[in-house]
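Since the structure comes first, as structure tokens, the remarks are kept for the end.
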Amino acid sequence: LGTTALVSLIDEPSAYLDSEQRINAAKVIKRFIMHSKKTAFVVEHDFIMATYLAERVVVYVGQPGVEATASTPQGLLTGMNQFLKSLEVTFRRDPTNYRPRINKHGSQKDQEQKAAGSYFFYDEDED
């Protein structure tokens, strides 16, 4: 029981936390993982927390409740672009608080990002 784990499995650490507590919890978890220099698998459905914690992601594709195929672990940007493209949703980063915001479907920003293949945190400086 006293042995330090080589891999931590963390299931939905943000459950029942409000938005500010989620950010604080994410910082604590990330600091612990980085300080211990260990690997952690985090299952998280809160988009902000998941993107803050992740270095790499596994994207599942398929038909819900019927079949699913997991991708190999991939970088955050690549994985999130793949995931959001499958949903036909684009995200930008709020310039004030840097949190992700969903673009309105069909808006100019949404269309620009889709045309560029940048579904996740399109940066206007990359034009």
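Computed from heavy atoms alone, side chains included, the values below leave out hydrogens, waters and symmetry copies.
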- Item | Asn103 and its side-chain hydrogen bond (donor to acceptor under 3.5 Å, both in side chains) partner, picked from Lys109, Gln108, Arg92 |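 Of the listed residues Lys109, Gln108, Arg92, the side-chain hydrogen bond (donor to acceptor under 3.5 Å, both in side chains) partner of Asn103 is Arg92.
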From [X] atom [atom1] to [Y] atom [atom2], the distance as rounded to the nearest 0.5 Å:
{"X": "Asn24", "Y": "Ser19", "atom1": "CG", "atom2": "OG", "value": "10.0 Å"}
{"X": "Ile102", "Y": "Leu87", "atom1": "CD1", "atom2": "CG", "value": "9.5 Å"}
{"X": "Glu112", "Y": "Thr90", "atom1": "CD", "atom2": "OG1", "value": "10.0 Å"}

Min side-chain heavy-atom separation [X]-[Y] under 4.5 Å:
{"X": "Met49", "Y": "Val42", "result": "no"}
{"X": "Ile48", "Y": "Pro100", "result": "yes"}
{"X": "Thr39", "Y": "Ser8", "result": "no"}
{"X": "Ile29", "Y": "Leu53", "result": "yes"}

- Query: Are the side chain of Thr78 and the backbone N or O of Gly75 linked by a donor-acceptor pair below 3.5 Å?
  - Reply: no
- Item | N/O donor-acceptor pair under 3.5 Å between Gln113 side chain and Asp110 backbone |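 No; judged by distance alone, with no hydrogens or angles, the pair does not exist.
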- Message: I'd like to know if the side chain of His45 pairs up with that of Glu12 as donor and acceptor (distance under 3.5 Å, no hydrogens or angles considered).
- Response: yes
Would you name the heavy atoms of [X] and [Y] that are closest together and state the gap between them?
{"X": "Ser118", "Y": "Asn81", "result": "C-OD1, 3.5 Å"}
{"X": "Leu84", "Y": "Tyr119", "result": "CD1-O, 3.5 Å"}
{"X": "Phe120", "Y": "Met80", "result": "CG-CB, 3.6 Å"}
{"X": "Gly79", "Y": "Val57", "result": "CA-CG2, 3.5 Å"}

- Check whether more than 12 heavy atoms from other residues, nucleotides or ligands sit under 6.0 Å from atom NZ of Lys114, and answer yes or no.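 Enclosed.
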- Item | Residues that Asp11 engages under salt bridge (Lys or Arg N to Asp or Glu O under 4.0 Å), provided they are two or more places apart |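 Testing Asp11 for salt bridge (Lys or Arg N to Asp or Glu O under 4.0 Å), a comparison that skips the adjacent residues, returns none.
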- Query: Do Phe47 and Phe91 have their ring centres less than 6.0 Å from each other?
  - Reply: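 Yes, ring centres under 6.0 Å apart.
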- Note on the structure: residues 48-71 vs side-chain hydrogen bond (donor to acceptor under 3.5 Å, both in side chains), sequence neighbours excluded, gives Ser71-Gln74
- Residues Phe41, Val7; criterion side-chain contact (heavy atoms from CB on, under 4.5 Å); working and verdict: CA-CA 8 Å; Phe41 287 95; Val7 177; 3.6 Å; yes
- Item | salt bridge (Lys or Arg N to Asp or Glu O under 4.0 Å) contacts touching residues 23-48 (sequence neighbours left out) | Arg22-Asp46
- Message: According to a hydrophobic-cluster definition based on side-chain heavy atoms being under 4.5 Å apart (Ile, Leu, Val, Met, Phe, Trp, Tyr only), do Leu77 and Val58 belong together?
- Response: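 No, it is not one cluster - the side chains of Leu77 and Val58 are not joined through contacts under 4.5 Å.
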- Do Val61 and Gln82 pass the side-chain contact (heavy atoms from CB on, under 4.5 Å) test, and can you show the C-alpha distance, the side-chain angles, and the key distance before you say yes or no? CA-CA 10 Å; Val61 295; Gln82 177 187 348; 4.0 Å; yes
